[in-house]
Amino acid sequence: MRVPTYPDRRFASPPTAFEEVDVRGLEHDLERAVEGEVRFKPGDRVLYTTGGSNYRQVPIGIVIPRTTDDVVETVRLCREYRAPVLPHGAGTSLAGQSSNVAVVIDFSKYLNQIVEIDAGRRLARVQPGLILDHLRKPAEQEHRLTFGPDPSTHDHCTFGGMIGNNSCGVRSIMAQFYGPGPRMSDNVKELDVLLYDGRRLRVREGTSGDPEIDRRLVELRDRYADRIRERYPDIPRRVSGYNLDDLLPEKGFDVAAALTGTEGTCATILEATVHLVDSPPYRSLLVLGYEDEYEAADHVCEVLDAKPLGCEGVDAVLLEDMKVVGIHDEYLSMLPDGHGFLLVEFGGETKDEADEKAHKLMAELKKGGGAPKDMKLYDDKEQTAHVWEVREAGLGATAFIPGKPDTYEGWEDSAVPPERLGRYLRDIRKLAGKYGYESALYGHYGNGCVHARWNFDLRSEPGIRAFRSFLDEAADLVLSHGGSISGEHGDGQSKAELLPKMFGPELVEGFREFKSIWDHDWKMNPGKVVDPYPITSNLRLGSGYRPPQVKTHFAFPNDNGSFAHATTRCVGIGKCRRTDSGVMCPSFMVTREEKHTTRGRARTLWEMLNGEEIDGFRSEEAKEALDLCLSCKGCTNDCPVSVDMPTLKAEFLSHYYRGRLRPRPAYAFGLASKLPAVANLFAQSRAFKLAAGIHPERHVPPFAPVTLKSWFSSRPSVNGGGKRVILWADTFTNYLEPEVGIAAVEALEEAGFHVVVPAGHLCCGRPLYDYGMLDLAESYLRKALGRLGDDIRAGTPVVGIEPSCVAVFKDELVQLWPNDEDARRLSKQTQHLSEFLCEQADGWSPPILQRRALLHGHCHHKATGGIAPEKELLERMGVEVEELDSGCCGMAGGWGYEAGHYDVSIACGERVLLPKVREASPETLVVADGFSCRSQIEQGRTGRRALHAAQVLALARQFGAAGPPGAYPERAAPERPEAGPARAATRAAVAVGAAAALAGAARYAYARMS
Ligand SMILES: Cc1cc2nc3c(=O)[nH]c(=O)nc-3n(C[C@H](O)[C@H](O)[C@H](O)COP(=O)(O)OP(=O)(O)OC[C@H]3O[C@@H](n4cnc5c(N)ncnc54)[C@H](O)[C@@H]3O)c2cc1C
Ligand code: SF4
Ligand code: SF4
């Protein structure tokens, strides 16, 4: 393989030459030498092409080391084969520093532990793959300590990456006033590093651990000392360039600080010792409203005099964008009057102490000229969190604004002295206006660091030329204000070419010498920071970007009708790499593999269209990347830019399987529903499960003797004069758990509604999406729309029992036919049962039940309206509800039944849900509206059965406020109806007669597919 390399190192140049690397030999030797994983296949390499940046470079291969020895071996073999190396954390960098044509060493999967917390000395030793919050949580809980610099990506970014980038964050101000300083370089005490030449060193203040390196560093420093003192701006957020200033005698010749921020270009970090600071247990948030963001910025220094823990800025454009995109609308009213805001956090040992500091500042501000228009103080944890969400919406609100061009990073973290911030904001907005660029301006105002996402045109030659010219002018502007090109994200490729403007050619030569001291082969993350690739090279889009236009089932209404655009939606934030909370992304939470993140899947689909590494809709790589996607819709809700992987997956599979047979379970469940009695006879046999591709440990749910529809049709009409409501008898409820449907009918009737259950075979087609059977799904939906047409045009509400089926009407339906009026009506008129009862059952009070309940929300329920009404309904009943942050249960329809998914499915459940259910007292109700979730709980060795909210209402009606006596309340829930004797005899005859047909059909399907 031809790998870019530098030409003659005596002369500054980007990597313009090429060197042959025997990649097969390297892969072979790595596989023998490394205990961890070695991944050199195209499907693995495409996952690491971009990070969070505008750039794309395909790595040589990926190594996921299990041990530090694995890292040492990897670097040794790379050296032997002369392959470049790129250390890698969560890959959230925005400047292009976390992609390269190199062997990527991904520390995040295994080397992610706290080695030690030394509370007495306020130090922590960490492995490079450790996520920041995984240190902050125990440090806080056990020692009331925390770590200062906290990037917005704190719940998934790693220490290796934070040190690599010299990261900062909201609480950099806290670290500045109450700790060692605002940047990572101030907060790192010691680093254990590995050089490309194989040397392992412990670097800290005073020494690199190697006398020869110390000698060369001192010599370099002395030669450049005057220039360093002259050219390095003395501001809190100077992140651009190498930290040569930390080598100065007045800074204690701090080699660890000097290596921080080198973005993987000098050494690989194997372990770090970092400083911890006190974490005040109580926080208050003061929000100051000004006329505009400029005025807010003008007053930052007065705020800083009060020594807060954080001081962030938000402008009116961000709020407008949030409104258009529909993010956190509900919290905007919590802001004070004004069009530019400062969010100022104070801490204290008590709530009063924190409040007192805020009140003092409010009084001070009122005294001086230019007092804020309005101020609001929050000290309630939940409310404070909501206001912070407004600030944190930043990238999600600005990346894809309907009706506006896409926006990009590239000039997103410049910083100036805080006292010049107001003037800089006015100037940068003016300059951007000259180019026709627009963006919100928000961020770490207290440290003078400004975030933006401009609508650059990165797809045409003139657009790219304008972008490049803007960067030149913007760099000149920020420097004229005494600032830094980067204030926290690093230089990578997007800013490195501008460094000579900031530091002058001499110091840039000093950077080259500094790198050579550590990496004399120039193989560490080449082309980044020093002798960089040009800003406009390696662009992921670029003027040549021309993805094929694909004829699709889904309309992709939020992506201008384009599947290709939907694959660009992922901007690489990496929130889908969270491990502890939310729904997105259950498969990553279990496997910790980039491939099993939403981002990994989106990248793979992008590459599939690009066609360079993996090819087209028949791509096995893409199929494999999507295999562990549970279609839980977690990403549609939790991803800041709403990447919709279930839709992309269903669309992909519909193309992938064109002319091919689907997996066996796709047919097995469908076949079984045609012959329910027969299925009940055979479904638990190993032979059936084997033939159907179902895991032997799974218990196939039996079909009920009487369906919901036949029960309903055999009873008299109730509440004839009441408001008409359609109860959607989904396939799961109708055939498998009619007792849940009956409870729903009775609850609605008790609330005074006239319930109608449409007769005949109607299905939303939920399971079909999972297998990409979209033609069939569309025909089901057409039939449903036809049958419900009059009712939905008359405005009759449709209530769903099963959340995943409600989600088809609320979501998939309008993704398929966004312009079909009936589809839009049905989508709007459909509600989950609890949502409907809370919003539309006027004058009805639910029956009382004084019990505790664990509530697990189905992920489709969370993605289509949320489960707040479910909680509200139960609380109105008097139930004491504990809502679980249990993400996806792991069953996901038929997905968790499949033999190849069983282990991941159970592991998803074991993360939170199943242990919580096991821990619950036997008297506690377990509430889960999803059929899959209830099945997972029942089959997950919990000894419990969960109930639908409708069944909880039935229990309350039947047993009164005290509920059923004794333990396991679910055992008292009303049973399913039994078939009468005549009906049972007929079903038995049909069962015996059809058994042969089913067995034959299963054998036939199996034979054709294997
Ligand atoms: C939405 C969003 C918000 C952000 N907000 C902030 C913010 O508030 N503050 C901030 O500072 N940044 C922010 N960032 C940038 C980024 O998240 C941080 O810089 C983060 O610390 C990077 O961590 P990572 O694990 O993703 O590192 P990666 O991107 O994987 O790596 C970063 C750099 O560190 C190097 N590196 C990684 N591991 C090692 C190692 N073991 N040895 C040597 N070098 C290594 C890499 O080579 C690379 O050059 C934001 C990014 C996004 C997308
Ligand atoms: S899928 Fe969403 S959360 Fe994940 S990296 Fe992409 S943009 Fe971020
Ligand atoms: S649907 Fe669920 S499993 Fe699939 S990518 Fe989204 S969050 Fe992950």
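When reading the values below, keep in mind they use all heavy atoms of this one structure, side chains included, and skip hydrogens, waters and symmetry mates. For ligands, and for the atoms within them, numbers begin at 1 and follow the listed sequence. Treat the numbers as computed from the prediction; the structure is a model and nothing was measured.
- Salt-bridge check for D521 with R79: failed, with every basic side-chain N at 4.0 Å or more from each acidic carboxylate O.
- Looking only at side-chain heavy atoms (C-beta outward), H444 and R237 come within less than 4.5 Å of each other.
- Taking 2.8 Å as the threshold, C632 does not count as a candidate ligand of atom 4 (Fe) of ligand 3, since none of its N, O or S atoms lies below it.
- Put simply, OG1 on T153 and NE2 on H156 are 5.0 Å apart, with the number rounded to the nearest 0.5 Å.
- Looking from atom 4 (Fe) of ligand 3 to the surrounding protein, the closest heavy atom is C629 SG, 2.4 Å.
- Scanning the protein for heavy atoms near atom 3 (S) of ligand 3, the closest one is L630 N, 3.3 Å.
- Atom 5 (S) of ligand 3 has R601 NH1, 3.2 Å as its closest protein atom, hydrogens excluded (heavy atom only).
- Residue-level proximity to ligand 3 for C859 is absent, since no heavy atom of it falls below 4.0 angstrom.
- A centroid separation of less than 6.0 Å is found between the aromatic rings of Y48 and H88.
- With hydrogens left out, the protein atom closest to atom 8 (Fe) of ligand 3 is C585 SG, 2.4 Å, a heavy atom.
- Atom 2 (Fe) of ligand 2 has C639 SG as protein N, O or S atoms under 2.8 Å away.
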Atom pairs and distances, side-chain donor-acceptor, residues 159-170, under 3.5 Å, sequence neighbours left out:
| unit_1 | atom_1 | unit_2 | atom_2 | d |
| --- | --- | --- | --- | --- |
| N165 | OD1 | Q97 | NE2 | 3.0 |
| N165 | ND2 | S93 | OG | 2.9 |
| N166 | OD1 | M184 | N | 3.2 |
| N166 | OD1 | S185 | N | 2.8 |
| N166 | OD1 | S185 | OG | 3.3 |
| N166 | ND2 | S185 | OG | 3.4 |

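- Under the rule for a side chain to side chain contact (heavy atoms under 4.5 Å, CB included), the partners of D192 that lie at least two apart in sequence or sit in another chain are R200, R202, L270, E271.
- Within 4.0 Å of ligand 1, protein heavy atoms come from L86, P87, H88, G89, A90, G91, T92, S93, L94, Q97, S98, F107, P128, P151, S152, T153, C157, T158, G160, G161, M162, G164, N165, S167, C168, E263, G264, A267, T268, I269, L395, H444, E488, H489, N525, I573.
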